[in-house]
Every structure is written in C-alpha cells, then in structure tokens.
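Just so you know, these numbers use all the heavy atoms, side chains as well, and skip hydrogens, waters and symmetry mates. Order of listing sets the numbers, starting from 1, for every ligand and every atom in it.
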Amino acid sequence: LMATAAVFCFGATAASAQTIGFSQIGSESGWRAAETTVTQQEAERRGIDLRFSDAQQRQENQIAAIRSFIAQGVDGILVAPVVATGWDSVLEEAAEAEIPVVLLDRMVDSSPELYLTAVGSDLVHEGRVAGEWLVEAVAGEECRVVELQGTTGSSPAIDRKQGFEEGIASADNIEIVRSQTGDFTRTRGKEVMESFLQAENGGADICALYAHNDDMAVGAIQAIKEAGLKPGEDILVVSIDAVPDIFQALAAGEANATVELTPNMAGPAFDALEAYLADGTMPEKFIQTESKLYTQEDDPQAEYEARKDLGY
Ligand code: AHR
C-alpha cells in the first residue's frame with residue numbers, strides 16, 4: 001500500500017512547507033511532555049506546519065484526530081499509539097488516502113505495510129537491561145520485586161515486562177511478587193506503591209521496585225519515604241526513561257538505575273517523511289534509538305543539568 005502511495009506523493013510538496021499531523025497520546029509523563037516539545041521544536045526548525053492533537057490517553061481520540069488529518073489532506077501523519085491493537089481500519093484509511101504514517105515510540109499490532117516506518121527503542125531490550133542490572137546489584141541475595149507496569153495494552157508495558165522477566169530469568173534468587181499498572185503516571189505510581197507497601201509488611205518484604213517509567217518511580221519513591229523507608233537503600237529502584245527528576249533522585253541516592261529513552265523521535269521521523277515525500281525513498285521499517293543505562297556512578301547531577309531545560 002505504501003508503495004502505491006509513493007507514486008502519488010513524489011515531489012508533491014517539495015517546493016512548499018509540508019503539513020504534518022501529530023496525534024500525541026497525552027501528557028502522562030515528563031518524558032511525554034519532552035517528546036511533544038522536541039517534536040514541535042523540530043517541526044519549527046524545519047519549517048513544517050505541524051497540526052498537533054492531544055488524545056488525553058484515549059485511542060478513540062487518536063483515531064478521530066487521524067481521520068481529521070486525512071480529511072485536511074496533510075502530507076504525513078505522526079502517531080504515538082496509546083495501545084498496540086485496534087489501528088487497522090484507520091491506518092488503511094490513511095493508506096488509501098496516500099498519506100504516509102510514521103509511528104513514534106510505541107508499536108502497533110497492524111501489518112507493517114500500513115505505515116511507512118516506526119521510530120523507537122527496542123522496548124524488550126530496555127526491560128532486559130533493567131533486569132540484568134538488578135541481577136548484578138543484588139549479587140545472589142534473595143530479592144522480592146514489585147513491578148509498576150505502564151498503560152495496560154501499550155507496547156512499552158507489554159515489552160518492558162517481558163524484557164525484565166528475561167533479564168532476571170537466570171536468577172532464582174529474584175522473584176516478582178506483585179505487579180500492577182500505574183498507567184505511566186506519577187500519581188498512580190505513588191498510589192499503587194502505597195498498596196504494595198501495605199501488602200508487603202510495610203515494605204520490609206520488598207527488596208526492589210521495577211517501574212516501567214521514571215515518573216511512576218518518582219511517585220513510588222515518595223510513597224517509600226512516607227512509609228519511613230529509604231528508597232535506593234531499603235528498596236532498590238530501577239526504571240526507564242532518564243528524565244531529569246530521576247537524575248535528581250539518583251544524585252540523592254533515592255534511585256539506583258534508569259534506562260534512557262530519547263524524546264527526540266521526531267528528528268528521524270521527519271527525515272524519513274521528508275525523503276519519502278521528496279522522491280519516494282523508503283526508510284527502514286524500524287528506526288531504532290539508543291537505550292543507555294545510567295546509575296549513581298554516572299554523575300547524575302551532570303546528567304540532570306544537561307536535560308533540565310529540554311522541555312521535560
Ligand atoms: O511510550 C514511551 C513511554 O510512554 C515512556 O516511557 C513513558 O514515560 C511514556 O508515558
């Protein structure tokens with residue numbers, strides 16, 4: 001379908017500014033806010049007319065926004081899909097309208113023929129890195145882990161869970177004893193951690209927290225402190241994103257490790273769209289971003305300073 005679309009799109013907008021629709025999930029986390037800011041800045045820098053739609057976490061709002069972008073006749077569409085399933089019809093509609101779609105940071109279960117490319121990290125790998133870090137950190141000691149999952153049905157929640165389980169699979173001393181969604185938000189992260197602490201002997205039976213994002217970890221750190229325990233010592237904290245607030249927690253000794261997810265997905269996405277719209281260049285189906293592990297040893301204060309003004 002994308003190959004057919006290319007026939008009609010080549011050079012169509014080469015001389016004029018492109019119009020790109022962006023269906024964003026919402027603003028559930030610091031990372032998400034940064035992705036929005038970076039995308040807007042990147043569009044401005046390139047002279048792209050960006051039409052932005054905030055779905056407030058609802059897939060139906062995203063589908064409506066994509067339909068509206070199609071009706072407006074945009075040159076391309078970026079979508080960060082809140083959940084993985086349920087996209088076939090609207091992606092088929094975009095393909096029929098010969099409008100290329102690029103997925104940002106989360107994946108869908110639809111056929112890859114229905115989108116131009118996806119820009120994101122290897123989400124399973126991120127979870128594996130977090131799990132392997134914990135295996136080393138506890139060095140054979142018994143460790144009961146509580147897990148805060150991301151939004152149910154989202155590709156990062158599914159893949160980061162799988163990756164972490166793979167990362168700890170070889171360690172019989174580590175066991176996930178509780179696992180529940182905190183919806184990628186600080187508030188839910190705190191609330192769910194409070195219930196974990198209560199259920200686990202006031203937290204005394206918990207050795208580590210694995211959170212699918214930093215915002216939930218930051219909320220949970222607050223809950224651990226309010227329960228009279230020391231996060232980072234009494235309960236180890238490992239999470240994903242590398243937002244400025246987790247570097248502050250690392251610097252304070254209240255978090256132990258994070259795996260970076262870059263918020264700059266739009267740069268590679270616009271590159272792919274621009275090349276495709278100019279002369280039909282087909283990008284790779286998956287443009288992978290880096291996943292770097294940071295711990296307390298990696299000068300977290302400097303990492304905080306480097307990120308604090310980036311729109312998080
Ligand atoms: O899809 C990426 C995830 O979504 C980020 O890790 C999280 O912070 C965000 O809400």
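Using a 4.0 Å heavy-atom cutoff, D215 is absent from the residues neighbouring ligand 1. Ligand 1 has D241 within reach: a non-hydrogen atom of the residue lies less than 4.0 Å from it. Under a 4.0 angstrom heavy-atom cut-off, R160 registers as being in contact with ligand 1.
Electrostatic pairing of D215 and R32 does not count as a salt bridge here, judged by no charged N lying under 4.0 Å from a carboxylate O. A salt bridge links E126 with R160; the closest basic N to acidic carboxylate O contact falls under 4.0 Å.
Under a 3.5 Å cut-off, the side chain of N201 and the backbone N or O of A204 do not form any donor-acceptor pair. Without hydrogens or angle criteria, R144 side chain to D205 main chain gives a donor-acceptor distance under 3.5 Å.
The side chain to side chain contact (heavy atoms under 4.5 Å, CB included) test with N173 singles out one residue from V138, I168, V135, and that residue is V138.
Here the protein heavy atom with the shortest distance to atom 2 (C) of ligand 1 is D105 OD1, 3.3 Å. Among protein heavy atoms, atom 10 (O) of ligand 1 sits closest to E28 OE2, 2.4 Å.
At a heavy-atom cutoff of 4.0 Å, ligand 1 is contacted by no atom of T151, backbone or side chain. By the criterion of a heavy-atom distance under 4.0 Å, neither the backbone nor the side chain of E35 is placed next to ligand 1.
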Begin with the C-alpha distance, continue with both residues' side-chain angles, and end with the deciding distance and a verdict on side-chain hydrogen bond (donor to acceptor under 3.5 Å, both in side chains) for D109 and T85.
CA-CA 5 Å; D109 285 350; T85 56; 5.4 Å; no

Quick one: do T117 and E284 satisfy side-chain hydrogen bond (donor to acceptor under 3.5 Å, both in side chains)? Show the steps, please.
CA-CA 7 Å; T117 185; E284 296 287 317; over 6 Å; no

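The N/O atoms of W31, backbone and side chain alike, include none that comes under 3.5 Å of an N/O atom in ligand 1. Distances between N or O atoms of H212 and those of ligand 1 include no value under 3.5 Å.
Below 4.0 Å from some heavy atom of S29 lie the following atoms of ligand 1, by number and element: 7 (C), 8 (O), 9 (C), 10 (O). For ligand 1, the atoms lying closer than 4.0 Å to a non-hydrogen atom of N213 are 6 (O), 7 (C), 8 (O). For ligand 1, the atoms lying closer than 4.0 Å to a non-hydrogen atom of P156 are 1 (O).
The closest side-chain donor-acceptor pair between Q18 and R46, if any, does not fall under 3.5 angstrom.
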